Amino acid sequence: MDVRFDDATEAFRQEVRTWLEANVPRESMPSDPQGAFHYTRAWQKKMFDAGWAGIHWPKAYGGRGATLLEQAVFQQELARAQAPPMANILGLMIVGPTLMVHGTEEQKKRYIPRILSAEEIWCQGFSEPNSGSDLASLQTRAVEDGDDFVVHGQKIWTSMAHVADMCILLTRTDPQAPKHQGISFLLVDMHSPGVTVKPLRQLTGGAEFNEVFFENVRVPKQQLVGQLNDGWRIAMTTLTHERGSASFGTQVQMKRALDNIIDTAKKVKRNGQPLSADPVIRQKLAQAYIRVDVMRLNNYRSMTNQLRGQPPGPEASLDKLYWSEMNKWMQEIGQEILGPFSQLDPASRHYPTSVNLQYSFLWSRAETIYSGTSEIQRNIIGERVLGLPRG
Ligand SMILES: Cc1cc2nc3c(=O)[nH]c(=O)nc-3n(C[C@H](O)[C@H](O)[C@H](O)COP(=O)(O)OP(=O)(O)OC[C@H]3O[C@@H](n4cnc5c(N)ncnc54)[C@H](O)[C@@H]3O)c2cc1C
């Protein structure tokens, strides 16, 4: 494995760097959710206009057709420039890639450009109150009626539904079939009559996910993706992208998270000494540094496999399990460094840093739950990667 980049990729790096230096917004992201949403949406539009949104997507779909190496460099440069995130995360990460594989030409033309430009924001309506890990047991029904499906049921934990224009929705279309075989994958307009969104307050204090109720919502049949009752197979494409596709960017986020913790260790003093000088804390930070770097090297390995033409498969679960558990562990070190300060309101003048480590710690728990909990990832690794017998 050669971890150096070739000249052409380094030239690409320079192009990205120059653009980011001139264009990353100077004003910081507003702290209120509404303001932050508009800010990230405007940023995505700017990236789109310059051809940087979805750079790894094929040119035919408005992307740049970037190579895997260019994608890696692009993520590194975004992190270096401290660029804000883009607003349409689920559209970019999972909806676009799913439609490119399974959508009709009409669906691709209609939706993909608007995903890239953040003109239409997407959410993912998979989980239900009684169907999370056992997703295939979902109960939301879609019944055929003339040219439409009529959808009735409830979804939960639907991130961004409160700002979304569109939703990828898993529905049961054949209640008699075995549970994995009676599911269909629909594209639903969130502004349709009968859709109600109720935000849920999270442990962090934010309210980015929601309950979504569908009461006899009419969805035209051309909004079906793939074949009727073949939705499970399509959902697997979506989940593979959700678990695996972003790992290069995620590694960079982990590095940034670690830098914030190290910065805090330099600022918080105990017995007159900064904690960065404490031998026990130094050991832990060194261990965290190693784990974050192992993630980087693992990413290079997956990239090498992909360059050799091997598609990402259930191994995506390994990445997801590794980084989410690592971040939870790392954020606990952050809390240990803060000590009693961790209990304070991060907006208070007594809180020792400008970085809100309390939020990062609370949020890190969510990462071990969404896109499949750690226990579920372990089951997938055991059964589908290692070939162990089912438990
Ligand atoms: C921040 C956040 C954002 C989310 N966003 C979305 C979204 O946008 N769209 C969406 O559809 N969903 C979303 N989810 C939901 C998420 O996918 C589910 O929470 C997750 O799949 C777990 O389902 P559950 O909450 O029903 O827990 P359950 O499935 O009820 O699990 C409860 C516990 O039992 C364990 N468990 C369950 N089955 C097994 C098993 N077979 N073996 C071992 N242990 C098991 C689980 O690991 C867990 O610890 C989000 C969740 C979070 C936290």
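Remember, it's 1-based here, ligands and their atoms both numbered in the order they're listed. The structure displayed is predicted, hence computed values, not measured ones. Excluded from the calculations below are hydrogen atoms, water molecules and symmetry mates; all remaining heavy atoms, backbone and side chain alike, are included. Numbers here simply count residues along the sequence, with the first being 1.
Under the 4.0 Å distance rule, the nearest protein heavy atom to atom 33 (C) of ligand 1 falls outside the cut-off.
Between S131 and ligand 1, a contact under 3.5 Å exists for no N or O pair. Of the N or O atoms in E375, one or more lie within a sub-3.5 Å distance of an N or O in ligand 1. Taking only nitrogen or oxygen atoms, main chain and side chain alike, W363 does not reach within less than 3.5 Å of ligand 1.
Ion pairing of D134 with K179 is present here, as a side-chain N (NZ or NE/NH1/NH2) and a carboxylate O approach within less than 4.0 Å. Here E70 does not pair with R64 in a salt bridge; the nearest charged N to carboxylate O distance is not below 4.0 Å.
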Decide yes or no on ring pair (Phe, Tyr, Trp, His ring centres under 6.0 Å) for W157 and Y370, but give the supporting numbers first.
-> CA-CA 9 Å; W157 321 125; Y370 66 68; over 10 Å; no

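Residues Q331 and N327 have side chains that bring a donor and an acceptor to within less than 3.5 angstrom of each other. One side chain, Q377 or S317, offers a donor N or O that lies under 3.5 Å from an acceptor on the other. No side-chain N or O of T237 forms a donor-acceptor pair with one of T98 less than 3.5 Å apart.
Within the 4.0 Å heavy-atom criterion, the part of N379 lying near ligand 1 is the side chain and not the backbone. Counting heavy atoms closer than 4.0 Å to ligand 1, residue F126 contributes atoms from both its backbone and its side chain. The proximity of W122 to ligand 1, defined as any non-hydrogen pair under 4.0 Å, does not occur for either the backbone or the side chain.
Residue I369 holds the heavy atom nearest to atom 20 (C) of ligand 1 of all those in I89, I369, I168. Nearest-residue assignment for atom 11 (O) of ligand 1 (options G132, S127, A161, S159; heavy-atom criterion): S127.
Annotation: cation-pi geometry not satisfied between K108 and Y61 (NZ/CZ under 6.0 angstrom from ring centroid, within 45° of ring axis).
In terms of protein heavy-atom proximity, atom 38 (N) of ligand 1 is nearest to S133 CB, 3.7 Å. Counting only heavy atoms of the protein, atom 46 (C) of ligand 1 lies nearest to T373 OG1, 3.6 Å.
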